[in-house]
Amino acid sequence: MACSIVQFCHFQDLQAARDFLFPHLRAETPLGAVRRDPSKSANWEDDGWGAWEETEPVLQEPEEEGNTCKTQKTSWLQDCVLSLSPTSDLMVIAREQKAVFLVPKWKYSDKGKEEMQFAVGWSGSLNVEEGERVTSALCIPLASQKRSSTGRPDWTCIVLGFTSGSVRFYTENGVLLLAQLLNEDSVLQLKCRTYEIPRHPCVTEQNEELSILYPAAIVTIDGFSLFQSLRACRNQVAKAAASGNENIQPPPLAYKKWGLQDIDTIIDHASIGIMTLSPFDQMKTASNIGGFNAAIKNSPPAMSQYITVGSNPFTGFFYALEGSTQPLLSHVALAVASKLTSALLNAASGWLNWKSKHEEEAVPKQKPKVEPATPLAVRFGLPDSRRHGESICLSPCNTLAAVTDDFGRVILLDVARGIAIRMWKGYRDAQVGWIQVVEDLHERAPEKVDSSPFGNTQGPSRVAQFLVIYAPRRGILEVWSTQQGPRVGAFNVGKHCRLLYPGYKIMGLNNVTSQSWQPQTYQICLVDPVSASVKTVTVPFHLALSDKKSERAKDMHLVKKLAALLKAKSPDLDLVETEIKELILDIKYPATKKQALESLLASGRLPFSCLRNITQTLTDTLRNQEIESVDEGLLQFCTSKLKLLHLYESVSRLNSLDFHPDTPFSDHDLAALLRLDEEELVKLQALLGKYRQENSRTAVRFSDEQDGVLPVSTFLECLEHEKGVVSTKQLGDEECVALGSFFFWKCLRGESPTEDVCHTLEAAGLSPQLLLSLLLSVWLSKEKDILEKPQSVHCLHTVLSLLSRTRVAIDDTWDSQSVSPWWQRMRTACVQSESNGAALLSAHVGHSVAAQLSGSAHEEEKFSQTAVDADAEALTDSWEALSLDTEYWKLLLKQLKDCLILQTLLHSRADARPVRVASLPAEPLPRLSVRKLLEGGRGGIADSVAKWVFKQDLSPEVLKLANEERDAENPDEPREGMNRGSLEAPEVGADLGAIPDLLRAAREQFPCSLEPDVLHAHCCWEYVVQWNKDPEEARFFVRSIEHLKHILNPHVQNGVALMMWNTFLVKRFSAATYLMDKVGKSPKDRLCRRDVGMSDTAMTSFLGSCLDLLQTLMEADVSRDEVPVPVLDTEDAWLAVEGPVSIVELALEQKPVHYPLVEHHSILCSVLYAVMRFSLKSVKPLSLFDSKGKNAFFKDLTSIQLLPSGEMDPNFISIRQQFLLKVVSAAVQAQHSGAKDRHPAEEAPAAPGRELDWPALAVDLAHHLQVSEDVVQRHYVGELYSWGADHLGEEAILQVQDREVLASQLLMLTGQRLAHALLHSRAREGMELLARLSPTLCTWLRAMDPQDLQNTEVPIATTAKLVNKVIELLPENHGQYGLALHLIEAIEAIALPPL
């Protein structure tokens, strides 16, 4: 019960707010600077914080002034204007013209606990006039006027002061309600006072008000007037948003304006409120002002007191007589920040100053009339010419005020007397606040009731005030007892926090409504931007008791002594036990005594015997006292803890017995126990054996030596005893398993007497339902041990039978037509469990016990009915209930078996996989349960298998192979088929182990969910999702296209391909297109990564896969009309499946594509792929298309677009032809050039395992691009002969239509070859040979340029064949026919010398 700092809220994304307010810090801040990490946050509740209570630590000294500079990215909050609503429903962070409104939201943390988090609700700029900035802010909650929520906050108003002198009021959504210009100077400070019920009659009741400080004036707005105006303006906003034509003028604001005189500068102020002087103070004041002859009135006048801090004087006291001036009525400026209310702004534009920019330029801005201030002279002050005040903070009871100055002092003022009563040193840049604590009358010691100064426990409560000082230079938060009390708490909180003290509550309450509901408010809040959290300080009332004889202080001293005794290591436990007993008995307050006993039981440092003896002694002492002086809550607490200790002792004793079962257990006994045939048992054991074998690979085995052992402190934390019933608290899974292991693990292992344990637990008050939950939790968590020891099944059967036979377990009054709640609880646990093997065994055991109990109950019922000769109606109802429960058991067993087989498949992996990539994602596959499958939707099963296929990197051929083997009629064929598939697909050649068998087994259990098309669709989607996460892994996208091609149904294939295109591909594809069109060539790696998000090699593969996808999409569209739409069925055991829509269902919902548009994109993709594949230059892909073609790109493939038609412009055709010829040349070069002439990236095919037939693709593109196909074919033949691939050229000649032109081209190529042979390779011999040739041929050969040849090393015999081919192609009447005949002579002449 010491002073503590509690974290009650987090910021969801404080970095976003900081980046908005400080844009220049956006790129400089590390991610961890403001993001909350619960696992790494500092734990201020550690034992080390207790040092603040024991001794005064040596705190960090203030930093020297030379080292006070802070990096702005950590201290940015110090430069902002902050305000937090006292009800914690809104926070404002503002800087200059910008502001962020944060609202609380309840969300689950990483640990699964619900917590409040501040999230950005609104952000924007608030400046109306140019250059004005926010200087002060308030968040004022307004009370609700509804009867159902009287006294509760309705909404929160944000009040902001600006350097222009304007004060504006906003809603939580940033809608401007009021704008008021009360003074033309800058607003220095905004402060609010709300209604508080006077604690006693001597305290003057204060009115609500809003005070605004200017450099030389104070304006106070009456709270009632402000409340009514804000409500009217908010209603105006709502009505304007609904209709847009109503204009309701809100009531004017009543305010007072005082001009402060005789003071140099003012920094801050405090409005004390209305005060009345005593007669002595009245006469003293009159004498000081008017002399000894001054006259006084009979009744002291009421005055409003104001205190200012600044310079000359350092603190000024002002008193304004009530009634001396009439309140001023302002012209209220109404504004609504909404387009719907533009009509309303016309009437208010004259005094609103809230127009658009063009309106402000057209009409000169008119400022509203500013009323003059009433002069108010300072009555007295605290003069100190060198001291400058920085802030003042008024205490909640308006009697004290804390003032900070530039000397690093914190001064405590007595407001009524106007004197300084205390000073703290060494607190430069300090931030202060107050905490008021009311004494809880129920905590007073019952033994001291008669000596209470109030006479009874219902007397008035005492109030204590504590001053909170935050020193940012030292990063420490201190709590001091006032007025002259000691420091009661200190915390290290960091150097960049902000201390927020609103000093007010809810506006709009009165003495009636304020009593109806007590709001949850925090008096002090500390905002920590480093941990992104909001904390508050809690101070117990007893810390204000400075009397050394205070019993509360004495009790706290005993508690500290007890804590020190527990930490000390003493060998004599008896002596420690005796001292602890004396300390606890000496404590007077029941609450403190309960706290001491709780700390003892939770310490874990004392043995069980000491805890039992101490608790027993305290209980006996309380029972021996008089009934009137005994606290019932403490006695009940001790009694319940003592009963739990006795239960712990009994169970521990039974677990420690050396118990061993006598009878052995065989498979025959197990079959009879589970009511299974021998064959069914063998199948079940084989199924569990495969599951255990595959599951053992994926888990790490730890030692189980501590199973069944539970510390007594943990035992007491888990259970609670109340009214003879033992129940558990809100436990996590680990706590449930630990408690269940303590109760039942020895029983399940056959090492403890089962009947004795069950009777002990039942006698202690634990319900059978709770025991069943604990039993199943430990059974399902110890799956590996259970599968290794079949004896545990018999033990589970015994325990479950004993629990089920109790009267409370199966109630006889439940409706016989419904399902038994007892067995439904067990089935629910099995459905939720991820331990499928243990769940299947427990379901078999539960089914057996249920059948056994139902059979015996049916026999008893039948015997009784026969004895009384009753009708058989009740018997029929019993059989119906039995059959209904049995059907549920059968359904559960089928579901668990299916889930077990599927889990076995997901845990399996190939023994030796050829890894072709550096690493695959190591994300573990989630464990399955029946509930997860039921909630995963109709595609959940296939999705799980698809994730496993991706992780194992299995080829689609493996899935196809397993399906073919399943469909084979001959049982001998599957193995042959597997060998044949291994030869055809090298990826299947690895040792797959048991994967094909497990795939077939899963396919048999899920014939609909794992239908080949469904599985391939999910695998396709999984691979493309993983590729989208890492586009550099181009192989994932290639494998996705392979799965897409394996989908047989065109409707599914069309839908999946279309979803892939729209979701993952079209954006990257369009980015690649525009990039390549911009640079006019294949872009470099840096540009590809910047614009497309992948490297140049990955983009090449990406374009190739996109081309495959578009071609697959066109093929599927052609086949749609020939194949019916598939009907998606679900297995009978999984008809109750619910959840998200499957991929196949989404695919079938897709519209059919527009074939010409897909073909249009396919042409563009082919162009892009060719440019990237061969690194072509001087190619702008979009220049190959006209305006219609460009506009049709990247549109929805299901829409009908206006595509190019008719004859194309010859310029386009010329550009297209040049491009296609480039592609053919590059393709032939890539195929026949040496490796030394190519870049390594060009050598690798675009996709693993296949390369396109680029010449054929170029011819196909020529057809679609209106280019002559024969030109492309002739160019291809010429390139082949140029590279010396004459055998391929002869085959390609067959595809050429105009062979006469081709023959002329080949004749030129032949001449180039001969010219090289005669003039370059053999110069001397060549000249001799030229002399033998005709002059015409010599002249023609000399004109040939052999440099155009790509390969000059061609045998002369091959060239002779080429000449013969040319003569064959040329007609005899052709002009070059004779030249060809001369070439034959030349070739013979060249070939003669070797002969």
Side-chain angles (χ1 to χ4, degrees), residues 674-677 679-680 683-684 686-688 690-691 817-820 823-824 826-834 836-837 839-844 846-848 850-851 879-906 928-946 959 962-963 966-967 997-1018 1049 1052 1124-1145 1148:
L674 299 180
R675 297 175 176 253
L676 297 175
D677 298 336
E679 184 178 355
E680 294 176 342
K683 292 182 179 179
L684 177 62
L687 190 63
L688 293 174
K690 289 183 180 179
Y691 172 76
Q817 298 291 337
S818 60
V819 182
S820 169
W823 298 120
Q824 186 61 33
M826 183 174 182
R827 287 193 292 267
T828 302
C830 295
V831 165
Q832 296 175 351
S833 174
E834 296 178 356
N836 298 286
L840 182 59
L841 285 176
S842 62
H844 276 288
H847 184 204
S848 174
W879 278 107
E880 289 179 358
L882 174 62
S883 62
L884 185 59
D885 238 344
T886 303
E887 290 301 319
Y888 274 110
W889 279 116
K890 291 180 179 179
L891 176 62
L892 175 63
L893 291 174
K894 178 64 169 65
Q895 291 174 341
L896 287 173
K897 181 182 178 182
D898 294 349
C899 189
L900 181 70
I901 293 176
L902 190 60
Q903 185 70 73
T904 306
L905 173 66
L906 300 188
L928 300 179
S929 66
V930 175
R931 165 161 290 185
K932 286 184 179 180
L933 294 182
L934 290 174
E935 295 177 351
R938 300 179 66 177
I941 297 172
D943 185 64
S944 301
V945 178
L959 306 181
N963 186 55
R966 176 184 174 273
D967 296 336
D997 296 333
L998 294 175
L999 272 173
R1000 286 193 297 274
R1003 180 83 167 81
E1004 291 175 358
Q1005 298 299 124
F1006 299 99
C1008 301
S1009 300
L1010 294 182
E1011 196 268 335
D1013 279 0
V1014 175
L1015 183 56
H1016 282 299
H1018 281 270
N1049 191 282
V1052 179
V1125 179
V1127 179
L1128 301 180
D1129 295 327
T1130 306
E1131 294 80 7
D1132 294 340
W1134 301 94
L1135 293 176
V1137 66
E1138 296 177 352
V1141 182
S1142 68
I1143 296 297
V1144 179
E1145 290 175 321
L1148 294 178

Got a second to check how far [X]'s [atom1] is from [Y]'s [atom2], nearest 0.5 Å?
X      : Y       : atom1 : atom2 : result
Lys683 : Leu688  : NZ    : CG    : 14.0 Å
His844 : Cys830  : NE2   : SG    : 10.5 Å
Leu841 : Leu674  : CG    : CG    : 7.5 Å
Asp943 : Ser1142 : CG    : OG    : 10.0 Å
Met826 : Trp889  : CE    : CH2   : 5.0 Å
Leu905 : Phe1006 : CG    : CZ    : 10.0 Å

Quiz prompt | Under-4.0 Å salt bridge between Arg1003 and Glu1011 | solution =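 Answer for the salt bridge query: no.
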Heavy-atom pair with the smallest gap, counting every atom of [X] and [Y]:
X       : Y       : answer
Tyr691  : Gly837  : CE2-N, 3.6 Å
Cys899  : Leu933  : SG-CD1, 4.0 Å
Ala839  : Leu896  : O-CD1, 3.5 Å
Ala1017 : Ile1143 : O-CG2, 4.4 Å

Do side-chain atoms of [X] reach the backbone of [Y] as a donor and acceptor pair under 3.5 angstrom?
X       : Y       : value
Thr904  : Leu900  : yes
Gln895  : Ala1133 : yes
Gln903  : Leu928  : yes
Asp1129 : Cys1008 : no
Gln832  : Arg931  : no
Arg938  : Leu1128 : yes

Self-check item: From CA spacing to verdict: side-chain contact (heavy atoms from CB on, under 4.5 Å), Asp1013, Val1144
Solution: CA-CA 9 Å; Asp1013 279 0; Val1144 179; over 6 Å; no
Self-check item: Val831, Asp898, Thr828 screened by side chain to side chain contact (heavy atoms under 4.5 Å, CB included) with Val930, the one that passes
Solution: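 Passing option: Val831.
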Do [X] and [Y] come within less than 4.5 Å of each other through their side chains, counting heavy atoms only?
X       : Y       : result
Glu1131 : Gln1005 : no
Leu840  : Leu893  : yes
Val1014 : Ser1009 : no

Quiz item: Should His1018 and Val945 be marked as a side-chain contact (heavy atoms from CB on, under 4.5 Å) after you check the CA-CA gap, both sets of side-chain angles, and the distance that decides it?
Solution: CA-CA 8 Å; His1018 281 270; Val945 178; over 6 Å; no
Practice problem: Give a yes or no on whether Lys897 atom NZ has more than 12 heavy-atom contacts from other residues, nucleotides or ligands under 6.0 Å away. | Solution: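 Atom NZ in Lys897 is not crowded, with 12 or fewer foreign heavy atoms closer than 6.0 Å.
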